[in-house]
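Written below as structure tokens is the structure these notes are about.
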Amino acid sequence: MNTAEANKAQREGKTWDQDRREWTLPVTGIAVGTYQFGRGIMNTAEANKAQREGKTWDQDRREWIFYYLEKESEKISAEIDELEKAIGSANGGAGRKVKDTAYYELLGVETNATASQIKKAYYKEARKWHPDKNPDNPEAHAKFQDLGKAYQTLSDDQLRAAYDRDGISADSQPELEVDAKVFFGVMFGSALVHPYIGELWISSTADSVLKAAMMKGGQNEDGTSSMEADLSQLFDQNTSKLSKLKQIQRECDIALHLKTRVEAFVNSEVGETAFRNSCTEEATNITNGAYGAVYASTIGLALMFECEDYIGSRRNFGVEGMSAKMKKRANAMGTDYKLATSALKSYQRAQKINETMTKAALEAEAEAEAGGTEGSKARSNEPDKEAGNMNMKTMPGAKDIEESIPVFLDLAWAVNVKDISKSIKNACNKLFSDANVDVPTRLKRAYAVNVLAKEFFDVGKKAGKNQEASVEDIRARAEVAVMTTMAKAQGQEIREGDAEEMVKQAKEMHAQQAAAAAAAKTENNAEQSK
């Protein structure tokens, strides 16, 4: 009976009231639902009114506000300076009397200078004293080297704290500091795209992990790799307040660059044809640089999605905006899938190399044990040769390495694409919400950025068909990236143009070596066939 009664009540839309011990109509639920529906209508109306007025939704304050791009940029910059001062003070680098001020005086900064102030001062002085700009000044080279040493010390919290405490002694110079940002700057960097993407996440993150690993000495107390421990804390480190502020500043800088880039067209100082041509020319110049085609198409696509979303949301009752949002979601899903598959492939490659190394080491150990005492005596007469053989056996095969290089690069690029897309999305949101101009002007900005985006995407896609990087190209770039990183650690400055010339020379050298090896093989085969 109870079951039949329950089925009948549920068909009638009733619910069981535990307190009254009976089936009742959900009057309260209906009332709440009606209220929420009405509230939703009111919120939609409020949102439409706010958007017409040029306001934007502030998630932190939970209200509609007038947003000002330049004000936020100035505010974030000031917050970064204050936070860096606090960090410097905690590390003994600020707000205290230091033992030696020579490095500070060399850069022309106070002893409580922030990291950004030190960086700005270094680049200003480095440009002034660069040997290329002072060919007839024999003191310029020495001054330039000293500036490099000063910056190397003061730009690192640990080295700076030690310097402030102990100063410099003749027998205690700071160790070379490897800057991962320099390596990734050569591998992926192009000064032409920096205004559109800022500093890549992969570059700053790798630098943080590397420094943490070096400070731990490469291994934890339990014998596990400190790099593994650092990677496990990676995302915690990058959600710190300073990292968040720097990411916001990065997005503000991108937005401000886009504002400046399209300003002449928005203000009707140049026509659309001339503006479009300038965009095509800029995109072409970008594609001539390292991975330029990938950069141009990635930047272009990300910008197009945001422009079409913003413009479409304000046309035809937002129908076009809904279509743009669907495209964005589909592309984001594709990006995430690419990232996931690249990560899996990279993991599998790393496992394969590790297995090869382990197998070779075990085989070498088995051979050593099987050799017995006599083998040990014989080997003791040729220690260097045996050590050399052991190294060769424990090294993974050249084929494994070469096959893995493109896979690891694909993973890096999948990370870069997601990072660039997210940063451009937030930058466009800031640019199109800027209350310094009215809504019609913002729409014109979006239209102008969309023109730029389409040219970047089209030129990048066309150039990309002829810009597939070979294993040899990647290897040459990696070699130059390592050399440039070490040179920077020694206080030398290598410009991007110089690095690209070195990459070109490395490619030519590899091509010559490959040709010579092929000729030698052909000659050897001919000799054997006689």
Side-chain angles (χ1 to χ4, degrees), residues 46-88 112-121 123-124 194-199 201 204 238-269 299 302-303 305-307 309-311 313-314 419-450 452-453:
E46 181 186 359
N48 290 336
K49 180 176 181 292
Q51 288 177 342
R52 286 195 301 272
E53 293 173 352
K55 292 182 178 180
T56 189
W57 178 254
D58 188 309
Q59 188 64 32
D60 295 328
R61 294 164 60 179
R62 305 292 299 173
E63 63 178 336
W64 292 93
I65 64 165
F66 286 108
Y67 166 81
Y68 297 94
L69 173 59
E70 292 181 0
K71 284 185 178 180
E72 185 189 28
S73 179
E74 293 170 0
K75 174 176 172 287
I76 294 297
S77 181
E79 287 183 16
I80 289 174
D81 281 345
E82 286 300 315
L83 194 55
E84 286 179 340
K85 284 181 182 179
I87 293 172
N112 64 345
T114 65
S116 59
Q117 289 171 336
I118 289 171
K119 183 177 181 180
K120 290 176 184 177
Y123 282 114
K124 177 182 177 182
H194 187 270
Y196 292 99
I197 64 174
E199 181 179 83
W201 177 88
S204 58
N238 279 275
T239 54
S240 67
K241 186 176 180 181
L242 184 59
S243 295
K244 286 181 178 178
L245 288 174
K246 287 188 174 181
Q247 175 61 24
I248 295 172
Q249 185 65 66
R250 174 190 179 188
E251 294 159 4
C252 286
D253 290 343
I254 294 171
L256 288 169
H257 172 74
L258 288 171
K259 170 181 170 290
T260 302
R261 180 65 182 85
V262 303
E263 201 162 28
F265 174 67
V266 171
N267 295 337
S268 301
E269 296 171 10
I299 293 169
L303 288 172
F305 281 138
E306 299 312 318
C307 293
D309 185 0
Y310 180 78
I311 296 171
S313 298
R314 286 151 182 79
D419 172 41
I420 290 170
S421 299
K422 177 185 175 183
S423 299
I424 285 179
K425 173 186 175 180
N426 293 337
C428 285
N429 183 51
K430 294 177 186 298
L431 178 64
F432 302 152
S433 301
D434 185 14
N436 276 312
V437 294
D438 55 23
V439 174
T441 304
R442 296 182 216 176
L443 282 166
K444 194 168 184 181
R445 278 181 178 176
Y447 178 82
V449 173
N450 202 29
L452 174 81

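Atoms considered below: every heavy atom in the structure, side chains included; atoms not considered: hydrogens, waters and symmetry mates. Predicted model, so just to flag it, every value in this text is computed and none were measured.
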Under the rule for side chain to side chain contact (heavy atoms under 4.5 Å, CB included), what residues qualify as partners of Thr114, not counting sequence neighbours? Asp81, Glu84, Lys85, Ser116, Gln117
Apply side chain to side chain contact (heavy atoms under 4.5 Å, CB included) to Glu74 and list each qualifying residue two or more places apart in sequence or on a separate chain. none
What residue pairs, at least two apart or across chains, pass salt bridge (charged side-chain N to carboxylate O under 4.0 Å, His left out) with a residue in residues 441-450? Asp434-Arg445
Which residue pairs pass the salt bridge (charged side-chain N to carboxylate O under 4.0 Å, His left out) test with at least one member in residues 420-431, sequence neighbours excluded? Glu72-Lys430
Holding to side chain to side chain contact (heavy atoms under 4.5 Å, CB included), I want the full list of residues that pass it with Asp60, two or more places apart in sequence or in another chain. Asp58
What do the steps show when you test Phe265 against Leu452 for side chain to side chain contact (heavy atoms under 4.5 Å, CB included), and what is the final call? CA-CA 11 Å; Phe265 174 67; Leu452 174 81; over 6 Å; no
Under the side-chain hydrogen bond (donor to acceptor under 3.5 Å, both in side chains) test, which residues partner Asp419, sequence neighbours left out? Arg250
Taking side-chain hydrogen bond (donor to acceptor under 3.5 Å, both in side chains) as the test, write out the residues that go with Glu269, two or more places apart. none
Are Leu443 and Tyr310 close enough, and set up right, to give a side chain to side chain contact (heavy atoms under 4.5 Å, CB included), and what steps lead you there? CA-CA 8 Å; Leu443 282 166; Tyr310 180 78; 3.6 Å; yes
Sequence neighbours excluded, the answer for side-chain hydrogen bond (donor to acceptor under 3.5 Å, both in side chains) partners of Lys55 is none
Could you list the residues that satisfy ring pair (Phe, Tyr, Trp, His ring centres under 6.0 Å) with His194, not counting sequence neighbours? none
For Arg62, enumerate each residue passing the salt bridge (Lys or Arg N to Asp or Glu O under 4.0 Å) test, keeping only those at least two apart in sequence or located in another chain. none
Set of residues satisfying side-chain hydrogen bond (donor to acceptor under 3.5 Å, both in side chains) with respect to Glu263, sequence neighbours excluded: none
Within the distance-only criterion (no hydrogens, no angle test), does the side chain of Ser313 pair as donor or acceptor with the backbone N or O of Asp309 below 3.5 angstrom? yes
Taken to the nearest 0.5 Å, the spacing of Leu431 CG from Arg261 CZ works out to 13.5 Å
Under the side chain to side chain contact (heavy atoms under 4.5 Å, CB included) rule, collect the residues that match up with Cys428, sequence neighbours excluded. Leu258, Leu303, Glu306, Ile424, Phe432
